[in-house]
Amino acid sequence: MPDILTAPLVVEFPFTRSLGPVQSAFLTGLRERTVLGVKASDGRVVVPPAEYDPVTAEEIRELVEVGTAGTVTTWAWNPTPRRGQPLTTPFAWVLVRLDGADTALLHALDAPGPDAVRTGMRVRIRWAAERTGAITDISCFEPDQGTGGDGHTREPVAHDGQFPDALTGITAPARLDYTYSPGAAQSRYIQALADRRTLGERCPACRKVYVPPRGACPTCGVATGPQVEVGPRGTVTTFCIVNIKARNLDIDVPYVYAHIALDGADLALHARIGGIPYDQVRMGLRVEPVWTEGSPFPEHYRPTGEPDADYDSYKELI
Amino acid sequence: MPGPSTGSTGPSTGPLREVAIVAFGQSDHVRSSAETSEVEMLMPVLHDVLSRTGLKAGDIDFTCSGSSDYLAGRAFSFTMALDGVGAWPPISESHVEMDGAWALYEAWVTLLTGEAETALVYAYGKSSPGDLREVLTRQLDPYYLAPLWPDSVALAALQAQALIDAGLTDERALAGIATRSRTAAEVNPHAQLRGAVPAGDHLVAPLRTGDCPPIGDGAAAVVLAAGDTARRLCDRPAWIRGLDHRIEAHALGVRDLTDSPSTRLAAERAGYFARPVDTAELHAPFTSQEVVLRRALALDGPDAAGVRINPSGGALAANPVMAAGLIRLGEAAARIQRGESDRALAHATSGPCLQQNLVAVLEGEAR
């Protein structure tokens, strides 16, 4: 059993999302400290608003303004806030039915401890100092000691949903952190590369040698077994000419990217071909890896000067 | 829905075709399986179910799997697992980005149509590479919920508090569910948590660590077969008498979190209420969710006194995300195959606070 390799893997993406008329009005409204709901076909006021009826699925867009204070319908005490959550100190998750609404909105409640929270308690919105048109424009909720809110309506009031500079989309950033482990077969492969060796694995059933090995033979559905050193030389089985420079890639175009059947392997891997003008690369060209100091894999492959391989010797690997 | 569903709300057309679970296998469920890739973890399970039926990978007519790229943190990660089923030469294959129970549903429909005689269904999930509670926030509504990063335990805790407020349970009753489940798991060699597990501190109150499922890695697979093929492959096939799945509004504040109308409707359409069952495998990762499911399925009270609930230990003993629902179907089927059950309910869930629910009714032939 090899040492299993691991590496940090960060997946981060700023999803850009469009808003329809209902969500646009709601999120723009938050920016203006106004909370909007939408009337469902049964007359219920849905907050936060959906674009479709929760029961009939029909489109709905009759907007109403509701209060900025409301009642906790259920809650949960969060003693250890996690990254990205609304508050960094212990808080309660709450579902709040705002005055005038018939459904509840999820958010955080800033309270000194779980003893200060109960279902049925009155809370009010604490607005974020800087608001951009996002659910986080509500910084959190805070206890509302019977003041009846901050003067906003207790009954839903018709609203045209119109605001200056209404939002048409949001950007929702997300980041997840992983520790990636490639498993046993690929760990062996990567560790061998550190010694400038290319390691394949043979299927015990069909005898094919896979490189890079992924631990399973896709033909037989069994674990690959004995390790086989392949290459270092190989044959170009097919190739393409790249004419567009990739971002962050310091290679002059045009260049050739090729499938290379390493000697002893039954699967071609792919790599860049160098050391030869791009328009002289051909199927059957014999190549060898070029290692550069500190690189964990061959920087590119170059011609060996041998005669080209016979087509029959690599036709099964194209 | 046409097919073998004989629910009381629609006319019965009778079964188009009989379909059964003929084999079930699963991995040991562990906190971390960093030493194996997904396909390396999955392969022994696939070999296990195939050897139980005497089938080879190439004999299977249709293959369907369930998994999630978000667990792995890599796009199209499920394609790598296909090496384990011998996907060359090309096979008839499909994938759902859901629990494998929904992959089983797709395979079941494919067998009903007559397009296939046998099907292999597998599911796997490795939660160890990432932070599961954060990963699961990405399945939430991206406008109103996901930006607040409410994690899976927090959402379950909101549901638990709603149940407590409604007088339907309390912390002591929840602890009892945890104890019963993990005691049952003592005879389950694959379980991750077995025996006495302390209730622990509040993770998100009112839920304590003991109310929450272990986070782990694991895989499961079943083989389905139709009619006489099933009888040939298995001494006592677990016939799927009905199978249905339903979904509720994604907005938590629209739903009554103390109830699960989608489970009740799916169960009705699957024919569950027609006759009593003796076994119920419920996919309830949190103790409080079992309370909701028991109410929806009328599993409390004297009429249900003879029903064995989660004899495997359920998701509180092992909860490999994306496989735990398929395991409920497999465990129920295995009990029928062993002669320990004649009619069983299997339930799978997906999404926050039991948003989506699938119910299957399995039966063994009279002995």
Side-chain angles (χ1 to χ4, degrees), chain A residues 1 4 6 9 11 15 17 19 23 26-27 46-48 50 54-55 73-80 82-86 93-97 103-108 114 119 134-136 170 172 174 176-186 214-223, chain B residues 34-41 43-44 46-47 56-58 70 72-74 80 82-89 128-131 133-135 137-138 142-151 154-162 165 201-207 249 251-254 257:
Chain A
M1 181 61 69
I4 299 300
T6 60
L9 170 67
V11 177
F15 269 131
R17 297 183 177 276
L19 299 173
Q23 288 180 316
F26 175 71
L27 292 178
V46 178
V47 179
V55 177
T73 65
T74 186
W75 62 283
W77 184 256
N78 184 21
T80 46
R82 301 162 69 81
R83 184 176 75 183
Q85 295 181 343
W93 289 105
V94 281
L95 280 166
V96 176
R97 189 170 57 235
T103 68
L105 175 148
L106 181 93
H107 220 293
T119 296
I135 192 67
T136 46
I170 59 167
L176 294 169
D177 286 77
Y178 298 88
T179 301
Y180 177 65
S181 170
Q186 294 187 87
R214 301 200 304 220
C217 171
T219 304
C220 305
V222 299
Chain B
E35 70 281 1
T36 55
S37 66
E38 279 96 344
V39 68
E40 288 165 342
M41 179 177 73
M43 255 187 308
L46 297 172
H47 297 163
K56 291 196 255 325
Y70 273 83
R74 287 172 294 129
M80 304 280 274
L82 278 174
D83 286 350
V85 295
W88 179 267
S128 59
D131 182 324
R133 289 169 69 180
E134 288 186 4
V135 167
T137 65
R138 299 302 94 186
Y143 300 96
Y144 302 157
L145 287 182
L148 305 174
W149 295 83
D151 61 278
L155 298 177
L158 287 167
Q159 185 170 36
Q161 185 64 45
D165 286 338
D201 295 331
H202 282 129
L203 209 49
V204 180
L207 293 180
L252 296 173
V254 170
L257 294 179

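These values consider heavy atoms only, across backbone and side chains, with no hydrogens, waters or symmetry-generated copies. Proteins get letters first, then strands, A, B, ... in listed order; numbering begins at 1 in each.
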Asker: With a 4.5 angstrom heavy-atom cut-off, could you sort out which part of D151(B) is near chain A: side chain, backbone, both or neither?
Answerer: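 For D151(B), backbone and side chain are both near chain A.
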Asker: Do you know which of R17(A), Q85(A), R82(A) has the most heavy-atom pairs with chain B at a distance under 4.5 angstrom?
Answerer: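 The candidate making the most pairs under 4.5 Å is R82(A).
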Asker: Under 3.5 Å, side chain of T137(B) to main-chain N/O of P150(B), donor-acceptor pair present?
Answerer: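 Not confirmed, T137(B) side chain does not pair with P150(B) backbone.
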Asker: With chain A as the partner, which of D165(B), L145(B), V85(B) has the greatest number of non-hydrogen pairs under 4.5 Å?
Answerer: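 Highest number of heavy-atom pairs under 4.5 Å: D165(B).
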Asker: Please indicate whether R97(A) has more than 12 foreign heavy atoms, meaning atoms of other residues, nucleotides or ligands, lying under 6.0 Å from its CZ.
Answerer: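 No.
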Asker: Against chain B, label I170(A) side chain, backbone, both or neither, depending on which of its atoms sit under 4.5 Å from a heavy atom there.
Answerer: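 When you check distances to chain B, only side chain atoms of I170(A) fall under 4.5 Å.
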Asker: Name the region of L82(B), side chain, backbone, both or neither, that has any atom closer than 4.5 Å to a heavy atom of chain A.
Answerer: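 Neither the backbone nor the side chain of L82(B) comes within 4.5 Å of chain A.
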Asker: Tell me if the centroids of the rings in F26(A) and Y144(B) come within less than 6.0 Å of each other.
Answerer: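 Ring-ring flag for F26(A)/Y144(B): true, centres closer than 6.0 Å.
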Asker: Under a 4.5 Å heavy-atom cutoff, which of A50(A), A134(A), A108(A), P79(A) has the most pairs with chain B?
Answerer: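 Most heavy-atom pairs under 4.5 Å with chain B: P79(A).
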Asker: Taking all atoms of both residues into account, what is the closest heavy-atom pair of P54(A) and V254(B), and its distance?
Answerer: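 Minimum heavy-atom contact is CB-CG1, 3.8 Å.
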Asker: Is V96(A) in contact with chain B via its backbone, its side chain, both, or neither, using a 4.5 Å heavy-atom distance?
Answerer: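 Answer is neither: V96(A) stays 4.5 Å or more from chain B.
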Asker: Find the one option among G84(B), A160(B), P89(B) whose heavy-atom pairs under 4.5 Å with chain A are most numerous.
Answerer: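 Between G84(B), A160(B), P89(B), the count favours G84(B).
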Asker: Measure distances from A34(B) to the heavy atoms of chain A and classify the residue's part below 4.5 Å as side chain, backbone, both or neither.
Answerer: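 The answer is both parts of A34(B).
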Asker: Any idea which heavy atoms bring I4(A) and A184(A) closest together, and the distance?
Answerer: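 Shortest heavy-atom separation between I4(A) and A184(A) comes out as CD1-CA, 3.9 Å.
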Asker: Please rank A154(B), P44(B), A251(B), P206(B) by heavy-atom pairs under 4.5 Å with chain A and give me the top one.
Answerer: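 Maximum pair count with chain A is reached by A154(B).
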Asker: Checking the side chain of T103(A) only, and the main-chain atoms of V46(A) only, is there a donor and an acceptor separated by less than 3.5 Å?
Answerer: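 Not confirmed, T103(A) side chain does not pair with V46(A) backbone.
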Asker: Which residues pass the side chain to side chain donor-acceptor pair (under 3.5 Å) test with D83(B), sequence neighbours left out?
Answerer: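 Once residues adjacent in sequence are excluded, the partners of D83(B) under the side chain to side chain donor-acceptor pair (under 3.5 Å) criterion are R214(A).
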Asker: Before you tell me yes or no, could you show the steps for L176(A) and R138(B) under side-chain contact (heavy atoms from CB on, under 4.5 Å), namely the whole-Å CA-CA distance, both residues' side-chain angles and the distance that decides it to 0.1 Å?
Answerer: CA-CA 9 Å; L176(A) 294 169; R138(B) 299 302 94 186; 3.8 Å; yes
Asker: Output the option from L46(B), V204(B), D131(B) having the highest count of non-hydrogen pairs under 4.5 Å with chain A.
Answerer: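 Top option by heavy-atom pairs under 4.5 Å: V204(B).
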Asker: Could you look at A156(B) and say if it's the side chain, the backbone, both or neither that has a heavy atom under 4.5 Å from chain A?
Answerer: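 For A156(B), there is no contact with chain A at all, as no heavy atom is under 4.5 Å.
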Asker: Based on non-hydrogen pairs under 4.5 Å, which of L106(A), L9(A), T80(A) is most in contact with chain B?
Answerer: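 Most pairs with chain B among the choices: L106(A).
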Asker: With sequence neighbours left out, what residues match R74(B) under side chain to side chain donor-acceptor pair (under 3.5 Å)?
Answerer: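 Here the qualifying residues are E38(B).
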Asker: Side chains of E40(B) and S37(B): is there a donor and an acceptor less than 3.5 Å apart?
Answerer: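 Yes, S37(B) and E40(B) have a side-chain donor paired with an acceptor closer than 3.5 Å.
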Asker: Heavy-atom distance under 4.5 Å to chain A: side chain of H47(B), backbone, both or neither?
Answerer: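 For H47(B), the contact with chain A is made by the side chain alone.
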Asker: Between L95(A), N78(A), V11(A), T119(A), which residue shows the highest count of heavy-atom pairs closer than 4.5 Å to chain B?
Answerer: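 Top count of heavy-atom pairs under 4.5 Å with chain B: T119(A).
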Asker: State whether the side chain of T219(A) and the backbone N or O of G86(B) hold a donor-acceptor pair below 3.5 Å, judged by distance alone.
Answerer: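 Checking the backbone N and O of G86(B) against the side chain of T219(A), no donor-acceptor pair under 3.5 Å is found.
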Asker: Measuring heavy-atom distances to chain B, does P114(A) have an atom under 4.5 Å in its side chain, in its backbone, in both, or in neither?
Answerer: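 For P114(A), no heavy atom lies under 4.5 Å from chain B.
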Asker: Heavy-atom distances under 4.5 Å only: say whether R83(A) touches chain B with side chain, backbone, both or neither.
Answerer: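 Interface part for R83(A): both.
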Asker: On a heavy-atom basis, which atom in T36(B) and which in M41(B) lie closest, and how many Å separate them?
Answerer: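 Closest approach of T36(B) to M41(B), heavy atoms only: OG1-CB, 3.8 Å.
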Asker: Name the member of H202(B), Q159(B), R133(B) that forms the most heavy-atom pairs with chain A at distances under 4.5 Å.
Answerer: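 Most heavy-atom pairs under 4.5 Å with chain A: R133(B).
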Asker: What is the minimum heavy-atom distance between P48(A) and A104(A), and which atoms define it?
Answerer: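 Shortest heavy-atom contact: CD-O, 4.0 Å.
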Asker: Between L155(B), L252(B), L148(B), who has the most heavy-atom pairs with chain A when the cutoff is under 4.5 Å?
Answerer: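 Top option by heavy-atom pairs under 4.5 Å: L148(B).
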Asker: Heavy-atom distance under 4.5 Å to chain A: side chain of V135(B), backbone, both or neither?
Answerer: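 Answer is both: backbone and side chain atoms of V135(B) are under 4.5 Å from chain A.
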Asker: Measure distances from D177(A) to the heavy atoms of chain B and classify the residue's part below 4.5 Å as side chain, backbone, both or neither.
Answerer: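 For D177(A), the contact with chain B is made by the backbone alone.
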